[in-house]
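First the structure, in the form of C-alpha cells, and then the observations on it.
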Protein chains: 2
Amino acid sequence: MARALELARRGMATTHPNPRVGCVIVRGDRVVGEGYHQRAGEPHAERLALSQAGGAARGATAYVTLEPCCHTGRTPPCTDALLAAGIARVVAAMEDPDARVRGRGLEALRTAGVAVDVGLMEGEAARLNRGFISRAVRARPFVVAKAGISLDGRTALASGESQWITGAAARADVQRLRAVMGAVMTGTGTIRADDPRLTVHEGAPRQPLRVVVTSSLAIPPDARILAGDADLMVLTTTDGPHGDRLRASGAEVVAVGGAPGQVDLAAGLGALAARGVNDVLVEAGPTLLASLLDQGLIDELRLYVAPMLLGNGRPLADFTLAKLSGARAWRYDEVRSVGRDLRLILTPET
Amino acid sequence: MARALELARRGMATTHPNPRVGCVIVRGDRVVGEGYHQRAGEPHAERLALSQAGGAARGATAYVTLEPCCHTGRTPPCTDALLAAGIARVVAAMEDPDARVRGRGLEALRTAGVAVDVGLMEGEAARLNRGFISRAVRARPFVVAKAGISLDGRTALASGESQWITGAAARADVQRLRAVMGAVMTGTGTIRADDPRLTVHEGAPRQPLRVVVTSSLAIPPDARILAGDADLMVLTTTDGPHGDRLRASGAEVVAVGGAPGQVDLAAGLGALAARGVNDVLVEAGPTLLASLLDQGLIDELRLYVAPMLLGNGRPLADFTLAKLSGARAWRYDEVRSVGRDLRLILTPET
C-alpha cells in the first residue's frame, strides 16, 4: 500500500478534479502490475496495473489507495475490470466518498466472491485526497491559506513594500504548492497592492484556476491577473457592467450573493466545488483572510515566517477580538525550515 | 569534557556573577575526582575535584570547562592547587575571558611543566557562560528578549487582555529561564498593563535582580514589582523626587542619562554589568523592545508562539521601518514545541 500511495502521489498535480489513486497488483511475493491515475479521462490506476499484470492478475491481490469505482464516468467501472481479470483479493486504503460509489464498489466485488479489506493506511490515503474528500463530503473545496509573514506577524511595511519578505526557498515551496491545488484565490486588495499573476512557473503540467473575490468587481484593467493563459474566475455578490468588462477579457464571472460589499464566501466555495475544484490556496490580504477565518472556512494555515521584525506594517489578518476566550485554537501539524524561513502548518483544533 | 560540562550545568542558577565551571580528574581510564562551582565565595570546581581525588591526582589529567584562575579572588588561585596536587596535564575547553586571567592561568601551568591543551568542546563551554563572557569582553550582559505572541505577532488584544496567550508549559519554561538569568528587565508600560512580579517561583535557589527601565520613574506605588523579596533596580535618565520614593520602598535607583524620555539603554546595561549581572532577560512591551532592537542590544530573541490569531491587538515591537532592506536579519537557532506552543530562538545574523 505504501508503494501504491507513492504511485498515487505522481498524479498530485494532474488528476484534478479526480482523486489521486495508485494501484499495485501482487501475486505471491511478486509485484506483477503497477499503475496510477494521471489525468481525468485517462485510465484509472487499476486498469493500468491490470494491463501491466496481464494474465498474472488471475488469483492475485490488488492494493489500491481508494475504493475502485463501480460507475461509468469518462471510463468504464474498475470493478468490472478487476473481476474480468480474475483478481482474488482487493485491499483498499479507504472507501470512495463520491456519492456514486461510497462502498458500492467494494460491495460489488464482495458479491462476486472477491475477498475485500478496507482501511490499510487510511490516514495517509485520506490526506492525499483531502480536497476530493472535502468536495464529496462537504460540497466545498479544502481551503489552505498561505502567507509570508515576519516574526511580528507583518506581511508588508507600512509603506506597502512587501516583495521578498520570505526567501527564495519559501517562494519555490509556494510554487510547488500552487501547482497541486485546484485553484488559487485572492482579493482585490492584494491585486492592488502586489499585482500578482498567481500562475505556476512555465513548464508546469497544469495551471490552477485563479479566483478573485471582489464585491465591487473593480479589478484594474491593467492588472496582471487579467493577462496570462490560466483560467480566471471572479466571485462577486451581484453581477453588473464591470462584470461584462471582465468577461470580455476572458474571465468567468459568478455572482454568489452576500451582504452589500461582502461576497458570500461559503457560497463562493460551493460554486468552486460545483466546478470540480477540490482544493483552494488562499493567497490574500488581511481583509479576505479575516473574513474566511471568521467564518471558519480555512482548513489549513500555512505560514512562512521570515526571521525578521517589520514593526508596524500590514497585518496578517485584519480583525479585532473582543475576548481572548473567543480566539479560535489551532494546532501545529508540521514545523520545518524552508531555506532561512520557517514553515508552520496549522489545522483547526477540534 | 562532556561530563565536566554536565557538572558545570548544575551551577546554572547559582554561580552568578561567577561562571559555571565543571572539572573531572582522570587517571588512566578512571575518573578519580569530580567537582563543579556552586556559588560565588564557595570553592571552584578544580578544588572540589582535587579534594575528591586526593593522592590519586598526582600524574593525572584535569578536564576543566574554563581556564583555571591564577588570581586570588574570594578563593585562592586554582593553578596553585593543581600544581600542588601534582596534576600532569590540564585540558581546558576555553580560555577565561576575565581580564585578570586571559591565558595567564594556562601559562602559569605550562611554565611549571604541566601539559596544557585548550579548545576541546569550546563552543559548548562558551555557550554555557555566554553571559559571563559578554560581561568580560563587552562590559555588558548577554541580553535575551522573551515574548509570548500569537501567530500574527500580537501580545495582547486591543482591549488590553493579555494573560494566558501561551500555555502552561511555555510559562513553566519561562520560569526556568528566569531562574538562571542574572536579571529580568521590563518597562513601565508592562508594569501598568500586566503588573508582573517578575520573580521566580518559591523554592528557587536564587531570585534574579529585577530591573525596571523608566524615564519618568512613574511606577505606581501599589505595583506588585515594588513588593516581593527580590532585589529591584530602577534605571532612569535623571534622578528626582520619585526616585526617593522608590528608594524608600527598597529599590536601587540608578540614573544613567539619556535623551529626555529615553533612558540610555547601553549605559543601563553597562551599569548592570558593573553590578555583576552576566545576563538579562527582557520581558517588556513594544516600546522598550523596539528601542533595544533599534540599538542592536538584543543578543537572542526567544518567542513563544501560541497557535492562535489575535487580530489587531498589541504588537510585539512598536516601530516603523522605512525600507525592507533596513530590516535586521535574524537566524533561527532552535525551534521546538513547548506544550501546544512553539518556541523560536533567534540570534542576529552576522
Side-chain angles (χ1 to χ4, degrees), chain A residues 145 147 149-165 167 286 289-290 293-294 298 301 303 305-313 315-333 335-344 346-349, chain B residues 145 147 149-165 167 286 289-290 293-294 298 301 303 305-313 315-333 335-344 346-349:
Chain A
I149 58 174
S150 60
L151 292 165
D152 49 348
R154 308 300 171 151
T155 60
L157 296 191
S159 66
E161 195 189 350
S162 69
Q163 301 291 308
W164 318 121
I165 287 182
L289 207 52
L293 284 165
D294 182 52
I298 293 178
L301 262 179
L303 301 174
V305 188
M308 57 175 78
L309 293 154
L310 295 186
N312 298 316
L316 174 60
D318 190 7
F319 66 96
T320 303
L321 263 186
K323 294 192 76 63
L324 267 180
S325 54
R328 198 180 296 265
W330 296 74
R331 181 182 51 228
Y332 292 104
D333 265 9
V335 175
R336 55 173 281 202
S337 290
V338 177
R340 48 148 225 194
D341 304 312
L342 201 63
R343 186 181 82 185
L344 312 181
L346 297 107
T347 48
E349 183 75 78
Chain B
I149 58 174
S150 61
L151 291 165
D152 50 347
R154 308 300 170 150
T155 60
L157 296 192
S159 66
E161 194 189 351
S162 69
Q163 301 290 307
W164 317 121
I165 286 181
L289 206 53
L293 284 165
D294 182 53
I298 293 178
L301 263 179
L303 301 174
V305 188
M308 56 175 79
L309 293 154
L310 295 185
N312 299 315
L316 175 61
D318 189 7
F319 66 96
T320 303
L321 263 186
K323 292 192 77 63
L324 266 181
S325 55
R328 199 181 296 265
W330 295 74
R331 182 184 48 227
Y332 293 103
D333 265 10
V335 175
R336 55 174 280 201
S337 290
V338 178
R340 45 147 226 194
D341 303 313
L342 202 63
R343 186 180 83 184
L344 313 180
L346 297 107
T347 49
E349 183 75 79

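Just so it is clear: chains get the letters A, B, ... in the order the sequence lines come, proteins before strands, and each one is counted from 1.
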Notebook entry, point to check: Measuring heavy-atom distances to chain A, does B:Leu310 have an atom under 4.5 Å in its side chain, in its backbone, in both, or in neither?
Noted result: both
Notebook entry, point to check: Looking at side-chain heavy atoms only, is the closest gap between A:Leu344 and A:Leu301 below 4.5 Å?
Noted result: no
Checklist line | B:Ile149 versus chain A, the contacting section by heavy-atom distance below 4.5 Å | finding: side chain
Checklist line | chain B contacts, top residue of A:Ala158, A:Pro307, A:Gly153, A:Ala327 (heavy-atom pairs, under 4.5 Å) | finding: A:Pro307
Notebook entry, point to check: Taking atom CG of A:Asp152 and atom CG of B:Leu303, what is their separation to the nearest 0.5 Å?
Noted result: 9.0 Å
Next item on the list: Take B:Met308 and A:Glu349, measure what side chain to side chain contact (heavy atoms under 4.5 Å, CB included) needs, and give me the verdict at the end.
Entry: CA-CA 10 Å; B:Met308 56 175 79; A:Glu349 183 75 78; over 6 Å; no
Checklist line | Contacting moiety of B:Ala156, where chain A heavy atoms sit under 4.5 Å | finding: neither
Notebook entry, point to check: By side chain to side chain donor-acceptor pair (under 3.5 Å), which residues pair with B:Asp341, not counting sequence neighbours?
Noted result: none
Next item on the list: With sequence neighbours left out, write down each residue that passes side chain to side chain donor-acceptor pair (under 3.5 Å) with A:Ser337, or none if nothing qualifies.
Entry: none
Item checked: Best-contacting candidate, B:Thr155, B:Leu342, B:Val335, against chain A by heavy atom pairs under 4.5 angstrom -> B:Leu342
Note to self: Counting only non-hydrogen atoms closer than 4.5 Å, does B:Leu346 touch chain A with its backbone (N, CA, C, O), its side chain (CB onward), both, or neither?
What the structure shows: side chain
Notebook entry, point to check: For chain B, which of A:Gly311, A:Ala306, A:Pro286 has the most heavy-atom pairs under 4.5 Å?
Noted result: A:Gly311
Notebook entry, point to check: In Å, rounded to the nearest 0.5 Å, how long is the span from OG1 of A:Thr347 to CD1 of A:Ile298?
Noted result: 12.5 Å
Check: Is a side-chain N or O of B:Glu161 found less than 3.5 angstrom from the main chain of A:Lys323, in a donor-acceptor match?
Finding: no
Margin query: Can you tell me which portion of B:Arg154 sits under 4.5 Å from chain A's heavy atoms? Options are side chain, backbone, both or neither.
Written below: side chain
Item checked: Atom group of A:Leu151 that falls short of 4.5 Å from chain B, counting heavy atoms -> both
Notebook entry, point to check: Is any side-chain heavy atom of B:Asn312 less than 4.5 Å from a side-chain heavy atom of A:Pro315?
Noted result: yes
Note to self: Is B:Ala147 close to chain A through its backbone or its side chain, or both, or neither, when contacts mean heavy atoms under 4.5 Å?
What the structure shows: neither
Next item on the list: Could you tell me which of A:Leu321, A:Leu316, A:Val305, A:Leu293 has the largest number of non-hydrogen atom pairs under 4.5 Å with chain B?
Entry: A:Leu321
